Every structure is written in structure tokens, then in C-alpha cells.
Engineer: 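Here it is: the structure, laid out below.
In listed order, ligands and their atoms are each counted from 1. We count residues from 1, following the sequence as given. All values derive from a computational prediction rather than experimental measurement. The analysis underlying the following values was restricted to heavy atoms, covering all of them including side chains, and did not include hydrogens, waters or symmetry mates.
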Amino acid sequence: MRSPKDFFAPLALGAPAPVREIPVTPSRMIHFFDPSNEKMAAKAPDIAKKVDVLLGNLEDAVRADRKEAARDGLVAIAKANDFGKTQLWTRVNSLDSPWVLDDLVTLVTEIGDKLDVIMVPKVEGAQDIHYVDRLLAQLEARAGLTKPLLVHAILETASGVANVEEIAGASPRMQGISLGPADLAASRRMKTTRVGGGHPGYLVRTDPTGEDLNEGRTTYQQDLWHYTVARMVDACAMHGILPYYGPFGDIRDVVACEDQFRNAFLLGCVGAWSLHPVQIDIAKKVFSPAPSDVAWARRVIAEMGDGTGAVMIDGKMQDDASVKQCRVVAELADALAADDPQLAAAYDAATKEILG
Ligand SMILES: CC(=O)SCCNC(=O)CCNC(=O)[C@H](O)C(C)(C)COP(=O)(O)OP(=O)(O)OC[C@H]1O[C@@H](n2cnc3c(N)ncnc32)[C@H](O)[C@@H]1OP(=O)(O)O
Ligand SMILES: CC(=O)C(=O)O
Ligand SMILES: [Mg+2]
């Protein structure tokens with residue numbers, strides 16, 4: 001454990017100083033594509049215009065014999081394009097794989113100035129982040145980078161979950177954490193074969209109404225990921241970094257995808273992964289607060305004046321705490337609206353309707 005005095009010192013001579021605050025730029029969807037897949041790679045520049053984050057994936061879902069092609073493909077795409085405000089991220093191979101060292105050396109030295117965040121899979125504890133932290137500093141110094149790369153961990157091992165608080169605080173580079181429900185299910189020996197989402201077998205049932213134990217008993221499906229997402233959100237909030245739901249693998253089921261994303265949004269996540277173009281607009285819709293919620297939040301803030309005391313608005317008590325809840329929603333809305341005139345207009349129209 002580094003001394004708090006040294007926490008913000010660069011880890012290599014010539015490396016840029018670490019950031020003191022994680023930039024909160026829109027990241028409602030982290031759109032995955034395989035840079036070794038020619039069709040997907042060709043679509044990347046256009047998709048970049050529609051997403052907050054474009055991520056070149058080098059890890060799982062890229063065949064072992066395509067790893068070098070994916071790495072080279074990402075370098076070529078990054079060099080050939082300026083993605084403007086859209087962030088460019090990558091997911092490198094896992095730290096125990098034969099590819100990760102070349103992933104990091106190549107990407108940082110070739111396109112380190114184009115990349116914003118490096119996603120590290122299968123993180124087990126702070127030691128994994130410390131390893132990446134020092135290596136990145138050495139590579140940044142070698143590449144002459146002036147802006148430090150940030151690191152995003154995937155929460156997808158049982159030990160990662162057990163150590164999530166230390167992972168979140170392991171380095172000033174830590175930008176956020178995503179839930180990785182597929183590898184996590186395998187690591188925990190959960191018996192779901194789905195990539196994220198619910199499971200009809202995970203339920204609670206009302207009490208029996210008579211002798212027949214099967215008669216008249218309603219069941220309610222529960223959320224397999226509730227505990228992990230909530231724990232991840234707390235760890236991230238405690239350390240000033242951002243939590244994300246990860247992938248929803250049933251691409252066809254856009255309805256359940258929206259539900260899963262919304263659960264994560266309500267619990268505090270700022271975004272989710274889109275694996276297929278059809279999931280981009282779902283994430284955009286869910287992780288942008290609804291205009292009616294924004295209007296309500298703005299009304300409470302306006303009526304609460306200096307933010308202290310208690311008032312009644314439409315039969316609901318508001319006070320110092322609830323105004324803070326409203327600020328979370330209003331501030332997110334303002335940040336998103338700043339780059340999206342359509343969203344700004346929808347928020348203003350809804351606000352006008354209730355505030356006049
Ligand atoms: C557990 C985890 O680790 S999750 C993260 C790792 N997984 C991934 O990154 C998966 C990324 N997504 C994919 O590989 C693909 O979307 C798949 C394999 C799921 C489905 O691909 P397809 O069978 O081609 O889907 P589909 O036929 O509906 O695609 C329609 C079009 O969208 C394109 N497309 C599909 N996914 C993407 C994507 N993520 N980005 C850009 N374009 C895409 C296809 O190339 C196809 O293009 P075309 O119309 O020119 O032929
Ligand atoms: C997200 C991911 O990598 C997983 O679910 O395993
Ligand atoms: Mg995984």
C-alpha cells in the first residue's frame with residue numbers, strides 16, 4: 001500500500017501526473033467491437049458518432065488466432081480516425097494471458113494519445129491494478145504522453161468481488177468498474193448459463209393458501225445481480241469512480257435488456273455495455289434521466305431555495321436530503337444536455353410544463 005502522500009506521484013520518471021478527479025463525461029454505453037472483424041471495424045467510425053464510448057475489444061469474443069489482428073486493427077482504426085468527443089477505450093487481454101504484455105506495450109506506444117481508458121478483465125485484487133499502474137507509467141514515459149491513461153476493472157471473479165473496495169481505491173487511474181456477469185457466474189459456480197439478466201428459477205413465492213402447495217401462490221422473479229451491482233456501486237461511490245452494468249447477452253430480447261439496464265441505472269450505475277448496434281439506443285434511453293424526472297428534480301431544487309428545511313410539494317415531503325437526490329438527477333441531465341440539443345429541449349419542455 002502506497003503512502004497517502006505518494007498516491008498522486010507518477011510511478012515512473014517522465015510519466016504524466018495522475019489525475020486527482022475522474023472526468024465525468026457521458027458514458028451511457030460502452031460499445032464493444034472486434035477490431036479484427038472487417039465488417040465491424042468498417043462500421044466503427046460511423047458507430048462512434050452515435051455512442052459515448054467506443055471500445056476495441058481484444059479479449060474474450062476475439063478468437064485466439066485473431067488476437068494480433070485485433071490489436072493491429074485497433075491501432076489502424078485509432079490512427080486513421082478522430083473520434084471527437086467520443087471516448088476511445090480498449091479491453092486488453094487478461095493479465096495471465098500470453099497477449100496482454102504486447103497489448104499494453106503496442107497500444108500505449110502506438111496510440112496512447114488517442115486512448116482514454118484501458119479496461120482490465122478478471123481483476124482479482126489491488127495487486128492487479130498496481131501491476132498495470134506501474135507498467136502504464138513506464139510506457140507513458142517512453143511514449144512521451146502528457147495525459148495519463150485511466151484504468152477500468154471488470155468485476156468478474158469471486159475474489160474480485162471480495163476485494164472490490166480495495167480495487168476501486170488501488171490507483172488514481174481507476175476510472176470505474178463494470179459487472180462481468182458471465183465470467184463471474186463461472187468463477188462463483190453459479191448455475192446460470194446466461195450472459196447477464198435474470199433467471200426464471202431465481203424467485204420467491206407467496207405462502208400457501210390451503211392444503212394444495214401448488215395452488216394460488218404467486219412467484220416473483222428476483223435479480224441475480226442485485227447484490228453484486230449494489231456492492232460495486234458503493235465501492236465506486238466511496239472512491240469517486242464510476243460503476244457500470246456490463247453485457248446483456250440476449251441480443252434479441254431488447255425488452256429484458258432495457259429492464260436490466262434500468263435496474264442498474266436506478267441503483268447508481270452510469271452506463272452499460274452495448275454488444276450489438278440494437279443495444280445502443282436502449283442504453284441511451286435508460287441512462288439519460290426521463291424528462292419528467294428531470295422536471296420534478298428541478299422543481300424541488302427551485303422550491304427548496306437554499307436547500308435546507310422541509311417543504312411539501314404535491315403531498316410529498318422534501319428536505320435537505322431529498323434535494324440532494326434531485327441534484328444527482330438534475331446535474332446528470334445538465335451534463336448530458338450540454339452535448340445533446342434534443343435532450344436539452346425535452347428537459348426544458350418538461351420543466352416548463354410544471355414550473356411554467
Ligand atoms: C461476456 C463478454 O465478455 S461480453 C463482451 C465480448 N463480446 C463482444 O464483444 C460481442 C460483440 N458483438 C458481436 O460479436 C456480435 O454482435 C454478435 C456475434 C453477438 C452478433 O453478430 P452478428 O451475428 O453479425 O449479428 P447481426 O447479424 O445481427 O449483425 C447485424 C450487423 O451489425 C454488425 N454488428 C454486429 N455487432 C456489432 C458491433 N458490436 N459493432 C459493430 N457492428 C456490429 C454486423 O457485422 C452486421 O453487419 P452487416 O449488416 O453489414 O452484415
Ligand atoms: C463482461 C464479461 O467479461 C463477462 O461477463 O465475463
Ligand atoms: Mg469476462
Side-chain angles (χ1 to χ4, degrees), residues 29-64 66-67 69-71 73-74 77 81 83 86 88-97 99-100 103 117-124 128 152-161 164 167 176-190 192-199 224-225 228-229 232 243-254 257 260-261 264 269 271-284:
M29 72 299 289
I30 303 169
H31 183 75
F32 270 59
F33 78 102
D34 172 356
S36 80
N37 177 318
E38 282 173 17
K39 262 191 179 176
M40 279 196 211
K43 289 191 168 67
D46 270 345
I47 287 200
K49 295 180 190 136
K50 299 183 204 144
V51 299
D52 295 334
V53 178
L54 181 70
L55 181 146
N57 177 35
L58 308 186
E59 201 225 7
D60 294 354
V62 176
R63 287 167 49 117
R66 303 289 296 160
K67 294 292 187 186
R71 189 191 298 139
L74 181 57
I77 289 167
N81 291 281
F83 294 118
T86 301
L88 181 64
W89 295 19
T90 184
R91 176 169 82 167
V92 294
N93 285 286
S94 60
L95 298 181
D96 60 355
S97 76
W99 304 291
V100 65
D103 290 345
V117 175
I118 296 192
M119 185 181 274
V120 181
K122 302 176 178 66
V123 171
E124 302 206 318
D128 289 340
H152 182 109
I154 311 182
L155 195 59
E156 54 179 350
T157 65
S159 66
V161 176
V164 65
I167 292 169
I177 302 182
S178 287
L179 174 74
D183 272 302
L184 182 56
S187 169
R188 283 175 170 163
R189 302 193 167 278
M190 290 167 72
T192 171
T193 54
R194 300 171 177 212
V195 177
H199 193 291
L224 279 172
W225 304 108
T228 315
V229 172
M232 175 180 77
Y244 298 75
Y245 179 77
F248 188 86
D250 192 342
I251 308 290
R252 192 184 46 88
D253 192 351
V254 291
C257 176
Q260 179 73 72
F261 285 5
C269 290
W273 300 8
S274 53
L275 300 185
H276 186 279
V278 79
Q279 295 182 333
I280 294 172
D281 282 342
I282 302 174
K284 186 171 181 181

Engineer: Side chain, backbone, both or neither: which part of Asn57 has a heavy atom under 4.0 Å from ligand 1?
Structural biologist: side chain
Engineer: In terms of atom number and element, which parts of ligand 1 are under 4.0 angstrom from non-hydrogen atoms of Asp60?
Structural biologist: 6 (C)
Engineer: Look at the aromatic rings of Trp89 and His152 and report parallel, tilted or perpendicular, splitting at 30° and 60°.
Structural biologist: tilted
Engineer: Indicate yes or no: does Asp183 engage Lys122 in a salt bridge with an N to O separation below 4.0 Å.
Structural biologist: yes
Engineer: Hey, is atom 24 (O) of ligand 1 touched by any protein heavy atom at less than 4.0 Å?
Structural biologist: no
Engineer: Within the structure, is a non-hydrogen atom of Pro181 found at a distance of less than 4.0 Å from ligand 2?
Structural biologist: yes
Engineer: Distance to 0.1 Å, residue and atom name: give those for the protein heavy atom nearest to atom 15 (C) of ligand 1.
Structural biologist: Met40 CE, 3.7 Å
Engineer: What part of His31, side chain, backbone, both or neither, has a heavy atom within less than 4.0 angstrom of ligand 1?
Structural biologist: side chain
Engineer: Run the numbers for me: atoms of ligand 2, each under 4.0 Å from some heavy atom of Asp183, listed by number.
Structural biologist: 4 (C), 5 (O), 6 (O)
Engineer: Before signing off on this row, confirm whether Ala182 and ligand 2 have an N or O atom pair separated by under 3.5 Å.
Structural biologist: yes
Engineer: Give a yes or no on whether Asp183 keeps an N, O or S atom under 2.8 Å from the Mg ion (ligand 3).
Structural biologist: yes
Engineer: Show the atoms of ligand 1 that are less than 4.0 angstrom away from any heavy atom in Leu275.
Structural biologist: 4 (S), 5 (C), 11 (C), 12 (N), 13 (C), 16 (O), 36 (N), 38 (C), 39 (N)
Engineer: I want to check something: taking the side chain as every heavy atom from C-beta on, are Thr86 and Leu88 in contact at a cut-off of under 4.5 Å?
Structural biologist: no
Engineer: Could you identify the single nearest non-hydrogen protein atom to atom 34 (N) of ligand 1 and state the distance to 0.1 Å?
Structural biologist: Pro277 CD, 3.8 Å
Engineer: Using a 4.0 Å heavy-atom cut-off, say whether Asp34 meets ligand 1 through its side chain, its backbone, both or neither.
Structural biologist: neither
Engineer: Run the side chain to side chain contact (heavy atoms under 4.5 Å, CB included) test on Phe248 and Gln279 for me, step by step, so that the C-alpha distance in whole Å, both residues' side-chain angles and the decisive distance to 0.1 Å come before the verdict.
Structural biologist: CA-CA 9 Å; Phe248 188 86; Gln279 295 182 333; 4.1 Å; yes
Engineer: Rounded to the nearest 0.5 Å, what separation is found between the CG atom of Asp52 and the CD1 atom of Ile30?
Structural biologist: 9.5 Å
Engineer: Decide yes or no on side chain to side chain contact (heavy atoms under 4.5 Å, CB included) for Ile47 and Phe33, but give the supporting numbers first.
Structural biologist: CA-CA 10 Å; Ile47 287 200; Phe33 78 102; over 6 Å; no
Engineer: By number and element, which atoms of ligand 2 are closer than 4.0 Å to a non-hydrogen atom of Glu156?
Structural biologist: 2 (C), 3 (O), 4 (C), 6 (O)
Engineer: Tell me, please, if Glu59 has any N/O/S atom, main chain or side chain, under 2.8 Å from the Mg ion (ligand 3)?
Structural biologist: no
Engineer: Checking contacts now, so for atom 40 (N) of ligand 1, which I'm interested in, is there any protein heavy atom under 4.0 Å?
Structural biologist: yes
Engineer: Output yes when a protein non-hydrogen atom is found under 4.0 Å of atom 51 (O) of ligand 1, and no otherwise.
Structural biologist: yes
Engineer: Any side-chain heavy atom of Phe83 sitting closer than 4.5 Å to one from Ile77?
Structural biologist: yes
Engineer: Any side-chain heavy-atom pair from Pro181 and Met190 closer than 4.5 angstrom?
Structural biologist: no
Engineer: Within a strict 4.5 Å, meaning less than it, do heavy atoms of the Asn57 and Asp34 side chains meet?
Structural biologist: no
Engineer: Let me confirm one number: the CG-NZ distance from Asp281 to Lys50, rounded to the nearest 0.5 Å.
Structural biologist: 8.0 Å
Engineer: Quick check on contacts: which atoms of ligand 1 are under 4.0 angstrom from a heavy atom of Pro247?
Structural biologist: 4 (S)
Engineer: Has Arg91 got any heavy atom lying under 4.0 angstrom from an atom of ligand 2?
Structural biologist: yes
Engineer: To which protein heavy atom is atom 26 (P) of ligand 1 closest, and what is the distance rounded to 0.1 Å?
Structural biologist: His276 NE2, 3.5 Å
Engineer: Quick check: do Asp128 and Val120 have side-chain heavy atoms less than 4.5 Å from each other?
Structural biologist: no
Engineer: Heavy-atom pairs closer than 4.0 Å: do any link ligand 1 to the side chain of Arg91, the backbone, both, or neither?
Structural biologist: side chain
Engineer: Could you check atom 7 (N) of ligand 1 against the protein and tell me its nearest heavy-atom contact, residue, atom and distance included?
Structural biologist: Ala61 CB, 3.3 Å
Engineer: Kindly give the atom name of the N, O or S atom of Glu156 closest to the Mg ion (ligand 3).
Structural biologist: OE1
Engineer: Have a look at ligand 2 and work out which part of Pro247, if any, has a heavy atom under 4.0 Å from it: side chain, backbone, both or neither.
Structural biologist: side chain
Engineer: Report the C-alpha separation of Trp273 and Ile154 in whole Å, then their side-chain angles, then the decisive distance to 0.1 Å, and conclude whether the side chain to side chain contact (heavy atoms under 4.5 Å, CB included) test is met.
Structural biologist: CA-CA 12 Å; Trp273 300 8; Ile154 311 182; 3.7 Å; yes
Engineer: Side chain or backbone of Lys122 under 4.0 Å from ligand 2, or both, or neither, by non-hydrogen atoms?
Structural biologist: neither
Engineer: Return the residue, atom name and 0.1 Å-rounded distance of the protein heavy atom closest to atom 1 (C) of ligand 1.
Structural biologist: Ala182 CB, 3.9 Å
Engineer: Identify, by atom number and element, the atoms of ligand 2 in contact range of Trp273, meaning under 4.0 Å from any of its heavy atoms.
Structural biologist: 1 (C)
Engineer: Do any nitrogen or oxygen atoms of Phe32 come within less than 3.5 Å of a nitrogen or oxygen of ligand 1?
Structural biologist: yes
Engineer: Would you please test Arg188 and Thr228 for side-chain hydrogen bond (donor to acceptor under 3.5 Å, both in side chains) and show each step?
Structural biologist: CA-CA 12 Å; Arg188 283 175 170 163; Thr228 315; 2.9 Å; yes
Engineer: Check the orientation of Phe261 and Tyr245. Use parallel for under 30°, tilted for 30 to 60°, and perpendicular for over 60°.
Structural biologist: tilted
Engineer: Hey, is atom 19 (C) of ligand 1 under 4.0 Å from any protein heavy atom?
Structural biologist: no
Engineer: For a 4.5 angstrom cut-off between non-hydrogen side-chain atoms, does Asp250 reach Arg194?
Structural biologist: no
Engineer: In terms of residue, atom name and distance, what is the protein heavy atom nearest to atom 47 (O) of ligand 1?
Structural biologist: Lys43 NZ, 2.8 Å
Engineer: Backbone N or O of Asp60 within a donor-acceptor pair of the Arg91 side chain at under 3.5 Å?
Structural biologist: yes
Engineer: Test side chain to side chain contact (heavy atoms under 4.5 Å, CB included) on Ser187 and Glu156 and set out the steps.
Structural biologist: CA-CA 7 Å; Ser187 169; Glu156 54 179 350; over 6 Å; no
